[in-house]
Amino acid sequence: MKNSWLRLTGGMLALILFAGCASTPEPAPAEGPWTPSELSFALSGNDPVEGFNRSMFAVTDFGMEYVVDPLGRVYTSILPRPAIEKFNNLCVNLEFPARAFSCLGRAEFGGAWDELCRFLINTTVGIAGLFDPAGAWFDIYSTESDFGQMFAAWGIGPGCTFILPFMASLNVRDGVGSIFDMAFDIKTYIPYAGYATALNRMVVAHRAYEKAVAGSADRYKTYHEMMLLRRQLQLKMYFYNALNAAAEARKAGIRPELPPDRPVAPKPEWVSAGWRTIPGFRPQSPVLDTMRVAMFQPQNDDDPWYFRLSVFNGDFTKKCDVREIRFGEELPALRYGYWHAENAAPETAEERLLAGENGGRPEKLLVLLPGIGGDYSGMTSTALAELFYRSGWSVAVLDSTFTWQFYLATGGVLPGFLPQDGENVRRAITLVLDDLKQEKLFNPFRSRITLMGYSFGAMHTLKVAELEQQSNRLCIDRYVAINPPVDLRYAMKQADALAGTGRDWDADKAVATVIEIAGKAMGAMQNRYPSYDPENPGEEPFNYGVPLSQEEADYLAALYFKTSMRGLLFTAHREKGLPALSTEYRWGRRTELYREIDRVGFEEYAEKFISPELAPLTLEELYAQSNLRAFGDSLAANPKVRVVHSADDFLLSGEDRRFLDRTFGGRLVWFDCGGHLGNLYVKSVQQTLLDLAETNNEPVITESVCK
């Protein structure tokens, strides 16, 4: 007990001495654009001890990967998921005093009362807190309050960004608050309870942490920004208030409002290709509908009995075989994901002799190219892989060329020039097929290959189709492009226009808007979205509406495009220095570099970063050759190509739509709505993709034909 009071006394002294450190940060710019770096600056000010914080985070990152991961594999294989979750409930219940007293300390009397009621109900009816009848039966929810929030309510500033290993706090104020949280935690006074709680909690948090930082070029930066948003939501008690509001609405019989239903769009006069409608889609706007791509999720990726680390976990993602290819011996490896179809026949000499080169039922291999910034582990890529895997396909998924991983793997080639990207993608596919053949996971004598890409990856798919028409090296039987932009310059202008959203906001407006977007998005992503069947919508349609305003959706889309470019430019500047960036890369001082990178638009990227590397090619020539019209005749004459598109995709101009329709004719399927990729969760769209990828009535192209 004496040690606990020493912690309290020392914590209060630290709070008084250090909370003033950057507690009144240098003002953020009065005008936008409100990039991720500017928002981070507005929320937490400068990071004056960034080198120290990065070192401390590196300890956490190392521990999560090399300590928590192996221990978690054993722990989660011994204990099933329900047992681990119930133990976590017990630990949360024992932390009740800290939440209750911190609510009282900031005059949140309703929250303090709820915490007391939850403790009494869950301790008795919930068997010491193993279960949560307070929330499930009585709609009494946790405030998730802590002493850091109480200090913030008292007007104490956050202080410096200050990170310690395995602690969720991001600043001095919250770090000191965590000392008080421990002092008011019942588990602190139970021998060894802290160690058991720490292991259990880190195992529970491992998947969320892994998803947050996976694929990031700078894991510290990603973690810091994600935790800043999470902390702001906690300070506003966002989810506590949202749960209470939803409970009140249920009691009053008020259901969440669906977007208004609209008549099915008629087929435009200029359309000669296939035209399909999606009854009951309830479109909101092209950009808002684009946000629905997040509702296209793997359907078998949340094992109810075992966590992801367990050897018994049955998630689809867990079945992924992460493999590597190399463009050169001295170059870093490029990883790709591979799912081997369970019914795929093994490659054996005996089977080949019995079946003949083209005998027997052919295997099917899908090679998938993601959109801008996407990688093999992304949700859209994984959901598409699962869709085809369930239909008997083996699936190989690559990273987008517009990622820092692909940049390093190709020896430092900046993406964005379509002919160059197409050659690099073609080379990557060659290496993937060679790797699979070497490991006897792919039989060129018995396989049909479909190359599929979506968004930016769809442009690469079509470019590879043109290259293969000139010289058939990959033996691809079918090319399927999902929502390809036509004119890369027009698509860039659209993305840059979205980046202007909120330019006139002041700092308070920007922070409030972004926190609101984050709360709505995180709340929506907690839902599991089943595929939508227009033919059988059910008596009570599932709400696929996006809970954002148009301005919020525009801003969120702009943030996605910005962050897609960030990791690429950061890595390129770190590796060889980019003349277009004036800020020097320094390991422990990156804040200003990120502020400069985040201001770069796509047109500026093309003009100042790509074009100089392609000299004497001019900028206009770069744009002309990165347009599907540059090889439209080849696409029109290629019978292997199929295209699926949305008529309201905001990355297409009116003339782009007519070009696609003229070029592909009956090999193109238009859907009346969905924005950019926002209708992939619809079963009729999924079935269309499966149908277009099939080549059952065509002969298998053998390896000898390709030579």
Side-chain angles (χ1 to χ4, degrees), residues 36 61 65 207-219 221-223 225-226 293-294 296-298 301 308 315-327 331-339 366-389 395-416 421 424-429 431-432 435 451-461 464 482-483 525 559-572 574-575 676-677 680:
D61 193 47
E65 185 168 356
R207 177 58 179 160
Y209 175 82
E210 184 184 60
K211 289 172 68 175
V213 301
S216 174
D218 187 344
R219 294 160 79 96
K221 185 71 172 175
T222 301
Y223 173 83
E225 291 179 343
M226 292 289 290
V293 69
F296 179 46
Q297 302 171 340
D301 219 25
R308 183 67 56 85
D315 288 356
F316 175 72
T317 307
K318 189 73 178 288
K319 298 178 181 178
C320 179
D321 178 13
V322 181
R323 307 188 60 80
E324 293 182 349
I325 55 174
R326 288 184 185 273
F327 282 71
L331 294 175
L334 178 66
R335 298 194 299 177
Y336 72 95
Y338 180 67
W339 285 265
L366 180 79
V367 180
L368 184 61
L369 306 178
I372 185 169
D375 57 35
Y376 72 89
S377 64
M379 187 169 66
T380 303
S381 301
T382 304
L384 276 169
E386 184 194 49
L387 174 67
F388 279 83
Y389 180 83
V395 184
V397 185
L398 283 77
D399 288 349
S400 167
T401 61
F402 216 91
T403 58
W404 64 273
Q405 298 98 321
F406 207 98
Y407 169 84
L408 290 177
T410 53
V413 178
L414 285 174
D421 288 354
N424 282 332
V425 168
R426 193 185 190 197
R427 174 64 175 153
I429 296 170
L431 293 171
V432 166
D435 177 57
L451 177 62
M452 176 179 287
Y454 60 87
S455 189
F456 196 44
M459 291 191 81
H460 296 147
T461 297
V464 171
I482 309 171
N483 286 71
M525 290 307 296
L559 277 182
Y560 174 78
F561 286 128
K562 283 288 185 185
T563 53
S564 297
M565 189 187 299
R566 171 195 269 190
L568 173 66
L569 289 181
F570 166 76
T571 302
R574 182 193 65 196
E575 292 299 310
H676 188 67
L677 305 173
L680 291 178

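All values below were derived from every heavy atom in this structure, side-chain atoms included, with hydrogens, water molecules and symmetry-related copies excluded.
The CE atom of Met379 lies 9.5 Å from the CZ atom of Phe296; values are rounded to the nearest 0.5 Å. Atom OH of Tyr389 and atom NZ of Lys319 lie 4.5 Å apart (nearest 0.5 Å). With rounding to the nearest 0.5 angstrom, the CH2 atom of Trp404 is 7.0 Å from the CZ atom of Arg574. Here OH of Tyr454 is found 6.5 Å from CG of Leu384. Values are rounded to the nearest 0.5 Å. With rounding to the nearest 0.5 Å, the separation of CG in Asp301 from CZ in Arg207 is 6.5 Å. For the atom pair CG of Asp218 and CZ of Arg566, the computed distance is 8.0 Å after rounding to the nearest 0.5 Å.
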Run the side-chain contact (heavy atoms from CB on, under 4.5 Å) test on Leu680 and Ile482 for me, step by step, so that the C-alpha distance in whole Å, both residues' side-chain angles and the decisive distance to 0.1 Å come before the verdict. CA-CA 10 Å; Leu680 291 178; Ile482 309 171; 4.2 Å; yes

For Asp435 and Tyr338: C-alpha separation, side-chain torsions, deciding distance, then whether side-chain contact (heavy atoms from CB on, under 4.5 Å) applies. CA-CA 11 Å; Asp435 177 57; Tyr338 180 67; over 6 Å; no

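Across every non-hydrogen atom of Tyr209 and Arg219, the tightest pair is CE2-NH2, 4.3 Å. Taking both residues in full, the closest heavy atoms of Pro332 and Arg326 are given as C-NH1, 3.6 Å, listed atom of the first, atom of the second, then distance. Taking every heavy atom of both residues into account, Ile372 and Ser564 meet most closely at O-OG, 3.8 Å. Scanning both residues, Ala383 and Pro298, for their nearest heavy atoms gives CB-N, 3.8 Å. Contact between Asp399 and Gln405 at its shortest, heavy atoms only, is OD2-CB, 3.6 Å. Nearest heavy atom pair, residue Phe316 against residue Ala385, reads CZ-C, 3.7 Å.
Taking the six-membered ring for Trp and the full ring otherwise, Phe388 and Trp339 have centroids separated by 6.0 Å or more.
Using a distance-only test at 3.5 Å, with no hydrogens or angles considered, no donor-acceptor pair links the side chain of Ser381 to the main chain of Ser377. No donor-acceptor pair closer than 3.5 Å links the side chain of Thr571 to the backbone N or O of Leu568. In terms of modelled atom types and a separation under 3.5 Å, the side chain of Ser455 and the main chain of Gly371 share no donor-acceptor contact. One N or O on the side chain of Asp421 and one on the backbone of Gly416 form a donor-acceptor pair closer than 3.5 Å.
Between Glu225 and Lys562 there is no salt bridge, since no side-chain N of the basic residue sits under 4.0 Å from a carboxylate O of the acidic one.
A heavy-atom distance below 4.5 Å is found between the side chains of Phe456 and Ser400.
Heavy-atom neighbours of Arg335 CZ from other residues, nucleotides or ligands within 6.0 Å: at or below the threshold of 12.
When each of Val367, Leu369, Leu398 is tested with Val425 by the rule side-chain contact (heavy atoms from CB on, under 4.5 Å), just one qualifies, namely Leu369.
Counted by atom type alone, Tyr223 and Asp61 present zero donor-acceptor pairs between their side chains at under 3.5 Å.
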